[in-house]
*Asks:* 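Sharing a structure, written as structure tokens. Questions coming.
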Amino acid sequence: MMAPRGFKRDIVTLPEFILERQKDFPYVKGDLTTLLNDIGVAAKIVSREVRKAGLVNILGEMGNDNIQGERQKKLDVFADQQFIAALRQGGVACGVASEEQDEFIAFRDQLYLGHPYVVAIDPLDGSSNIDVNVSIGTIFSIYQIVESGREACLEDFLQPGRELVAAGYVIYGSSTMLVFTTGRGVNGFTLDPSIGEFCLSHENIQIPESGPFYSINEGNLLDCSQGIQDFVGWCKGQGGGKALSGRYIGSLVADFHRNLIKGGIYLYPATTKAPLGKLRLLYECNPLAFIVEQAGGMASDGYRPIMDYQPRELHQRVPLFIGSPHLVQKAMDFIHSEVNHPLNG
Ligand code: FBP
């Protein structure tokens, strides 16, 4: 039976959505479309392995440490290989920097010369949750290379977040979702395994001005500055305000996603043990900062926007306060009111 004239399916797949929005990008010839699709394919492959992790030999450790000094998990390495292969085979990116790799990888084949993009990736975020079946994720960000027609080089990756062309994350949770921005709003796609397609499920996501959740590893709290301890106290209703609910999954992508949808703040401040915090500017903080700002939220190191940082090195760490603008501003107010705060002279 012929579909009636003008019949329109009620689902929009990721490739269709990107193609439809391609006209928004003055300078692209479809490269960004291809690149986002390549990332989508690798995400599907990783999602397939995550969904049967307990049945296949992909849980547990590889037996070595990565450049971050963390025990590398088998799924970290699997995801890293899948995304790098997808970017190399996709033939659009000319280089990649990964949280799991010591150095960036420039795709040196002639084929890649002239391709305008490099990608930074945290292939598997929330590694500590892999073996216990808790939501984990992938975080990616795309920069245009500084000078076209040459091989990818370090300066292409060490650009401020303000220079990002696109950023996104994949969450492997109760469903697999891909959420991304190209600087024109934030959209979310849910993987429909029955057709193997990411389908538009969350259009033009806006983070609530404030929200009911705060996310911090309170095990580190006594190691944080007084301003941060006071802010967490405020979150708990000390000082008479309405208490927020503490939620900490231990997977940045999962905590961030909940707060993006429902409102809240995630913070991983500097501590005496980790004076620069734990999270990586390139692989985790910049891409999520781009997304949250596009959704009406804020991302700060407690003093200035994350996106204003001039990165100095590939694996640089920064403190992170990210989420609903009212809550991030509140945290910054508490920090700025610290007795020995430099701004208080
Ligand atoms: P990786 O798993 O990519 O190293 O990410 C860091 C991370 O696991 C975040 O996902 C999470 O929010 C945080 O570290 C948890 O750290 P901690 O165990 O110190 O609270």
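Being a predicted model, the structure only gives us computed values, none of them experimental. Both counts, for ligands and for their atoms, begin at 1 and track the order of listing. Atoms considered below: every heavy atom in the structure, side chains included; atoms not considered: hydrogens, waters and symmetry mates.
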*Asks:* To which of Arg280, Glu218, Glu100 does the heavy atom nearest atom 6 (C) of ligand 1 belong?
*Replies:* Arg280
*Asks:* Should Asn217 be counted as touching ligand 1, given the test is an N or O pair under 3.5 Å?
*Replies:*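 In this structure, Asn217 places an N or O atom under 3.5 Å from an N or O of ligand 1.
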*Asks:* Have a look at ligand 1 and work out which part of Tyr283, if any, has a heavy atom under 4.0 Å from it: side chain, backbone, both or neither.
*Replies:*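 Neither; nothing of Tyr283 gets under 4.0 Å from ligand 1.
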*Asks:* Could you list the atoms of ligand 1 found under 4.0 angstrom from a heavy atom of Asp122?
*Replies:* 3 (O)
*Asks:* Checking a contact table here: which protein heavy atom is nearest atom 7 (C) of ligand 1, and how many Å away?
*Replies:*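 The protein heavy atom lying closest is Lys278 NZ, 4.0 Å.
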*Asks:* Looking only at distances, can you tell me whether any N or O atom of Val253, backbone or side chain, sits closer than 3.5 Å to an N or O atom of ligand 1?
*Replies:* no
*Asks:* Could you tell me if any non-hydrogen atom of Tyr268 lies under 4.0 Å from any atom of ligand 1?
*Replies:* yes
*Asks:* Charged N to carboxylate O under 4.0 angstrom, Glu293 versus Arg162?
*Replies:* yes
*Asks:* Give the atom numbers and elements of ligand 1 that come within less than 4.0 Å of a heavy atom of Glu284.
*Replies:* 1 (P), 3 (O), 5 (O), 6 (C)
*Asks:* What part of Asp125, side chain, backbone, both or neither, has a heavy atom within less than 4.0 angstrom of ligand 1?
*Replies:*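 It is both parts that get close, each with some atom under 4.0 Å.
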*Asks:* Do any heavy atoms of Ser128 fall under 4.0 Å from ligand 1?
*Replies:* no
*Asks:* When you look for heavy atoms under 4.0 Å from ligand 1, do you find them on the side chain of Ser251, its backbone, both, or neither?
*Replies:* backbone
*Asks:* Do any N or O atoms from the side chain of Thr190 and from the backbone of Cys199 form a donor-acceptor pair under 3.5 angstrom?
*Replies:* no
*Asks:* Could you list the residues that satisfy side chain to side chain donor-acceptor pair (under 3.5 Å) with Arg51, not counting sequence neighbours?
*Replies:* Thr176
*Asks:* Give a yes or no on whether Asp308 atom CG has more than 12 heavy-atom contacts from other residues, nucleotides or ligands under 6.0 Å away.
*Replies:* yes
*Asks:* Strictly under 6.0 Å, is that where the ring centroids of Phe256 and Tyr169 end up?
*Replies:*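 Yes, close enough.
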*Asks:* Return the residue, atom name and 0.1 Å-rounded distance of the protein heavy atom closest to atom 11 (C) of ligand 1.
*Replies:*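 Looking only at protein heavy atoms, the one closest to atom 11 (C) of ligand 1 is Gly250 O, 3.3 Å.
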*Asks:* Between ligand 1 and Glu99, is the shortest N or O to N or O distance under 3.5 Å?
*Replies:*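 Yes; at least one N/O pair falls below 3.5 Å.
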*Asks:* Quick check: does any side chain N or O of Gln159 sit under 3.5 Å from a backbone N or O of Asp156, one acting as donor and the other as acceptor?
*Replies:*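 A pair under 3.5 Å: yes.
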*Asks:* Closer than 4.0 Å to some heavy atom of Tyr248 - which atoms of ligand 1 meet that?
*Replies:*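 Those atoms are 12 (O), 13 (C), 15 (C), 16 (O), 17 (P), 20 (O).
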*Asks:* Leu124: heavy atom below 4.0 Å from ligand 1, yes or no?
*Replies:*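 It does, in that a heavy atom of Leu124 comes within the 4.0 Å cut-off of ligand 1.
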*Asks:* Report, in ascending order of atom number, the atoms of ligand 1 lying under 4.0 Å from any heavy atom of Leu252.
*Replies:*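 Those qualifying, in numeric order: 9 (C), 10 (O), 11 (C), 12 (O).
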*Asks:* Show your working on side chain to side chain donor-acceptor pair (under 3.5 Å) between Asp80 and Ser98 and close with a plain yes or no.
*Replies:* CA-CA 7 Å; Asp80 193 42; Ser98 164; 2.6 Å; yes
*Asks:* So His336 and Tyr303, would you call those rings parallel, tilted or perpendicular, with 30° and 60° as cut-offs?
*Replies:*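 Rings of His336 and Tyr303: parallel, under 30°.
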*Asks:* Do Arg280 and Asp125 meet the salt-bridge criterion of a basic N to acidic O distance under 4.0 Å?
*Replies:*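 No salt bridge links Asp125 with Arg280.
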*Asks:* Report yes if Leu279 has an N/O atom closer than 3.5 Å to an N/O atom of ligand 1; otherwise report no.
*Replies:*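 Such a contact does not occur with ligand 1.
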*Asks:* With a sphere of 6.0 Å drawn around CD of Glu103, does it hold more than 12 non-hydrogen atoms of other residues, nucleotides or ligands?
*Replies:* no
*Asks:* What atoms in ligand 1 come closer than 4.0 Å to a heavy atom of Tyr266?
*Replies:* 11 (C), 12 (O)
*Asks:* At what distance, to the nearest 0.5 angstrom, does CD of Gln329 lie from CZ of Phe321?
*Replies:* 12.0 Å
